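Take a look at the structure below.
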Amino acid sequence: MTEGKQLQHAQSSVLDVHTDPFSPREGRTLVWKNINMTLKGQKDEPDRKLLDDVWGEVPAKETTAIMGPSGAGKTSLLNILAGRNSSQGRLQISADVRLNNYTVDPTNINVRQLIAFVAQDDSLQVTSTPREAIYFSAKLRLPRTTTESQLQKLTEKMIEELGLTKCADTLVGGALIKGISGGERKRTSVGVELVTRPALVFLDEPTSGLDSFSAVQLCQVLKKVANAGSSVLFTIHQPSSEIFNSFDRLIFMNKGRVFYQGSVADVPAYFAERGRPSPPNFNPADWIMSVAQSVPVDQLDADGFFPKDEREIGEAFEAEDGKDVLGMTNTRRGIRTDDSRPDDRSPGIATQISMLFTRELVNIKRDVTPLIARFGLTIFLGILVGIIFLDVGQESRDNFGNVQSQFGAVIMILLMSMFGTAQPALLSFPEERPVFLREYSTNHYSVFSYFVSRLTMEAVVTGGQIMVNLLITYFLIGLQGNFGMYFVTVYALAMASTALAVALGCSVEDPKLAQEMLPILFVPQMLFAGFFVQTELIPEFLRWARYLCSLTYAIRILLINEFEDCANEQAANEDEPNYCRQALDNVDADADETWWNWLVLVALFVVFRVMALRVLQLKSTKFY
Ligand SMILES: Nc1ncnc2c1ncn2[C@@H]1O[C@H](COP(=O)(O)OP(=O)(O)OP(=O)(O)O)[C@@H](O)[C@H]1O
C-alpha cells in the first residue's frame, strides 16, 4: 500500500469508528451473587421472598436474556442491576454486584450513568421525531470532538439498522399528539441508547409490542452491539424459536430463583438430563416455560433444577484511595476513566443549554395549543378586567370609592399575572419529569443545564405574557403610574412566583398532586399581602410569613407608582381626607423604602430558584 493510500485507509477507519454504531468497544463484565429481595409481612403476615439468592453474570460480547413466567422476578432483577430499585418501605434488597470485579452500588448515579437502560415505558420527548431524538442523544453524549457530519451519519445508520427510515421524520407523539406506533417508539428508545456505543446495555422487554419481523430485526441489532464488545442484558416474554436461538445466554427465573443459567445452546441437554427433554419441533422457549409452570417446585428441586452458584469469583478488587469503582475518578458529570482525554469529554454546559433550549422552542412550535391557551386566556382576562375597570384610573382621586377601585384594579393585574404564569410553571415539571429523569440518568446533560434552559424559556414566555396583559389592562383602565415600572414590577412578581411554583413542582412526582398544590401557592400570598386582612390583625406568630410573599412587595411598589404623586398633592390640602395616602398606608407602602421592596422581591426570586435547583438535584438522583 502506498503512503497516500495508507493515510486514506487510516482516515476512513477513524471515520468509521465515529459513524458506525457498531464499532468495536471495550466491554465490561457484570457479575452478581446473593441478590435477595424480601417483602416484609405486615402484622402476622410472613415475609415474602421475591428474589432468593439470585446469581449470574452478563459477559462482554454476549447477549443475555432473562426469561421466566409472570411474577418470577425478571423486572425486579433487571431493575436492581440497573440501580432502579432499592430498599424502601417494606421492600428489602441486598446484593453483591461487581463490574469488572469492582464492587459497585448500582443505585449510585455515577454507576447508573454507565449503563444504557431502555425501560418498558419509553419516555421520549413527544414533539421530537425519531431522527431528532437519536441525534439529540448522540450530540450530547458522544465526545465533543465528534463532527456534525459524523453525528448525522451515525444517526442515519442507527435509523436504518432499526428499520425506522419510514417514520424517521414523524413525531414520536403521545396521549394528545398523534405519532409513530408503539413498536416504532420502542425501537426509537433503543436507538437513543445504542447510538452512544455503550459498554453495558440493559433493556426491559424490548420486543414487546413489536411484530415478529421487527422483533427479529431488533434482536439482530442487539447481537451486533454485543459483537462490537458490549454486554447486553434484556428481559423477554415468549420469544419465537428463531429469537430464542439468537441469544447467547439465558437466565431463566422461576419463583424468584435461578431456574437455569448458562448458554442457550446447552438448554436442550440440561432439560434432557433432568428428565424433561423438549419434544421435537417444539419451541424450546415454550417448552421450558411449560415445565416451569406445570411441574411443582418441590419436584423441580428434586429433579436438579435451580442450580446453586458454584462459580469461583473470588474477592472483589479494592477501589484505590480517591478513586471510585473501576479505578475511575469521580467527576462532576459522571465517572471518567483515568485515560480519558479532554477530547473524550461530552459537550459542555453551553451546548447542553442550547440543545435543550432549541428542543423546547421546537416543542412550543409543534405543540402550540398550550401557548395559545395561555396567551388566549391572558387576552380574555385582560379584556374582562379592562372593561370592568374601564377608565377607572382616570377618575378623580378625591373620592374614596374611586381610589378603592383603582387600588382593586392594580391588585387584579398582579393577581392575574401571578396565577397566569405560576400555574403552568407548577404543572410543567411533573409532566416533563419522566423524560428529564431518563435523560439525566443516562448522562445527556447536567441538572444545572436543564434548569437554566427552562428558566430562560420561562423568562421569555412570561415576559411576553406580562406585556400582553399590561398592553390591554393598563390602557383600558387608564392607569397613571409609569408603564415601564408596571412592566418590571409585574414581571418580577411573576418570575418570583414561578420560582416558587417550580420548586414545588420539582418536589412532587405526580402532575395531579401538583394540581392539588395550587392553593398552597396562592392562598398564603393573598392572606399575607395586607389587602384582605390588615397586618396588625394577623396573629403575631404568623406575621413573619408575609416576608416570604412576593406579592406583598410587588403591591407596595405598584401602589407607590400609582398613588405617590396624588398622596403628595392631597397632603397639601390638609382639610380633605387623603385617600391615596390611606391606600398606601393600608399595605405599609413607603416611597422611601421602594429600594428595600425591590431588594426583597429579587432576593425571593433568587432564593426560590436556588431552592428549586437544589430540589431538582436531590430528586434527580432517585429513579425508581
Ligand atoms: N415494590 C414491590 N412491592 C411489592 N411486591 C413487589 C414489588 N416489586 C415486585 N414485587 C413482586 O415481586 C414479584 C416479581 O415481580 P416482577 O415484576 O419482577 O416479575 P416479572 O417476572 O417481571 O413479571 P412480569 O413478567 O409479569 O412483568 C411479583 O410477585 C411482584 O408482585
Side-chain angles (χ1 to χ4, degrees), residues 84 116-140 155 158-159 162-195 203-211 214 218 355-376 423-442 444-445 450 453-454 457-458 461 502 505-506 508-515 616 619-620 623-624:
R84 274 135 176 102
F117 185 84
V118 182
Q120 240 186 82
D121 47 342
D122 28 45
S123 29
L124 295 164
Q125 176 80 13
V126 292
T127 48
S128 291
T129 65
R131 178 174 277 120
E132 288 165 350
I134 294 172
Y135 173 83
F136 184 83
S137 167
K139 171 83 183 171
L140 288 180
T155 306
M158 201 74 248
I159 285 171
L162 289 166
L164 290 168
T165 312
K166 272 200 213 140
C167 64
D169 295 314
T170 309
L171 295 190
V172 166
L176 300 174
I177 302 174
K178 187 143 174 42
I180 57 178
S181 73
E184 288 164 342
R185 247 201 314 267
K186 178 72 100 190
R187 278 178 282 156
T188 304
S189 300
V190 173
V192 162
E193 288 308 317
L194 295 189
V195 79
L203 309 99
D204 196 5
E205 300 197 16
T207 56
S208 68
L210 298 191
D211 58 71
S214 306
L218 181 63
M355 289 290 290
L356 281 163
F357 189 77
T358 312
R359 186 172 74 172
E360 190 53 31
L361 272 182
V362 172
N363 176 38
I364 289 180
K365 203 171 123 212
R366 288 182 184 163
D367 184 16
V368 79
T369 320
L371 195 72
I372 292 180
R374 196 165 162 175
F375 276 83
Q423 182 173 356
L426 176 71
L427 300 182
S428 70
F429 181 70
E431 278 162 9
E432 273 183 40
R433 193 175 150 34
V435 176
F436 163 75
L437 285 181
R438 178 184 63 74
E439 292 179 339
Y440 173 70
S441 74
T442 46
H444 281 71
Y445 42 74
Y450 173 78
S453 79
R454 284 289 313 270
M457 186 53 80
E458 253 167 48
V461 176
V502 170
C506 292
V508 296
E509 280 147 38
D510 182 2
K512 278 196 211 118
L513 190 59
Q515 194 119 27
L616 196 57
K619 287 276 173 181
S620 61
F623 185 11
Y624 308 129

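Bear in mind that the values here come from a model prediction, so they are computed numbers and not experimental data.
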- Item | Pro130 vs Ile180 side-chain heavy atoms within contact, under 4.5 Å | yes
- Query: Could you state the interatomic distance from CD (Glu132) to OG1 (Thr127), rounded to the nearest 0.5 Å?
  - Reply: 8.0 Å
- So CZ of Arg366 and CG of Leu171: to nearest 0.5 Å the spacing works out to 5.5 Å
- Under a 4.5 Å cut-off applied to non-hydrogen side-chain atoms, are Val461 and Phe375 in contact? yes
- By salt bridge (Lys or Arg N to Asp or Glu O under 4.0 Å) - contacts of Glu205 (at least two apart): none
- Item | Spacing of NZ belonging to Lys619 relative to CZ belonging to Phe436, to within rounding of 0.5 Å | 12.0 Å
- Residues Glu439 and Tyr445: closest non-hydrogen pair is OE1-OH, 2.6 Å
- Task: Output all residues satisfying side-chain hydrogen bond (donor to acceptor under 3.5 Å, both in side chains) with Asp367, sequence neighbours left out; order by chain, then residue number.
- Result: none
- Query: Taking the six-membered ring for Trp, are Tyr440 and Tyr450 ring centroids under 6.0 Å apart?
  - Reply: no
- Output all residues satisfying side-chain hydrogen bond (donor to acceptor under 3.5 Å, both in side chains) with Thr442, sequence neighbours left out; order by chain, then residue number. His444
- Test the Arg359-Phe136 pair against the cation-pi criterion, namely NZ or CZ under 6.0 angstrom from the six-membered ring centroid and within 45° of the ring axis. yes
- Message: In the structure I gave you, are the side-chain heavy atoms of Met457 and Leu361 within less than 4.5 Å of one another anywhere?
- Response: yes
- Below 4.5 Å, heavy atoms only, C-beta onward: do Val502 and Glu458 meet side chain to side chain? yes
- Note on the structure: Rounded to the nearest 0.5 Å, the CD1 atom of Ile159 sits from the CD1 atom of Ile134 at a distance of 5.0 Å
- Note on the structure: Nearest heavy-atom approach of Val172 to Gln125 is CB-O, 3.7 Å
- Item | Partner set under side-chain hydrogen bond (donor to acceptor under 3.5 Å, both in side chains) for Ser181, not counting sequence neighbours | Glu184
- Val192 and Arg438: side chain to side chain contact (heavy atoms under 4.5 Å, CB included), yes or no, with the steps? CA-CA 11 Å; Val192 162; Arg438 178 184 63 74; 3.7 Å; yes
- Message: Filter on side-chain hydrogen bond (donor to acceptor under 3.5 Å, both in side chains), then keep only pairs touching residues 166-178, sequence neighbours left out; what's left?
- Response: Arg131-Asp169
- Ser137 side-chain N/O to Ala133 backbone N/O, donor-acceptor pair under 3.5 Å: no
- Task: Check whether any side-chain N or O of Arg187 sits under 3.5 Å from a backbone N or O of Leu218 as a donor-acceptor pair, and report yes or no.
- Result: no
- Less than 4.5 Å apart, any side-chain heavy atom of Lys186 and any of Ser214? no
- Message: Quick check: closest heavy atoms across Gly191 and Leu162, and the distance to 0.1 Å?
- Response: CA-CD1, 3.3 Å
- To the nearest 0.5 Å, atom CD of Glu431 lies from atom CG of Leu426 at 10.0 Å
- Message: My understanding is that only residues two or more places apart in sequence, or in another chain, count here; which of them pass side-chain hydrogen bond (donor to acceptor under 3.5 Å, both in side chains) with Arg374?
- Response: Gln465
- Message: If I take atom CZ from residue Arg185 and atom OG from residue Ser123, how far apart are they, to the nearest 0.5 angstrom?
- Response: 11.0 Å
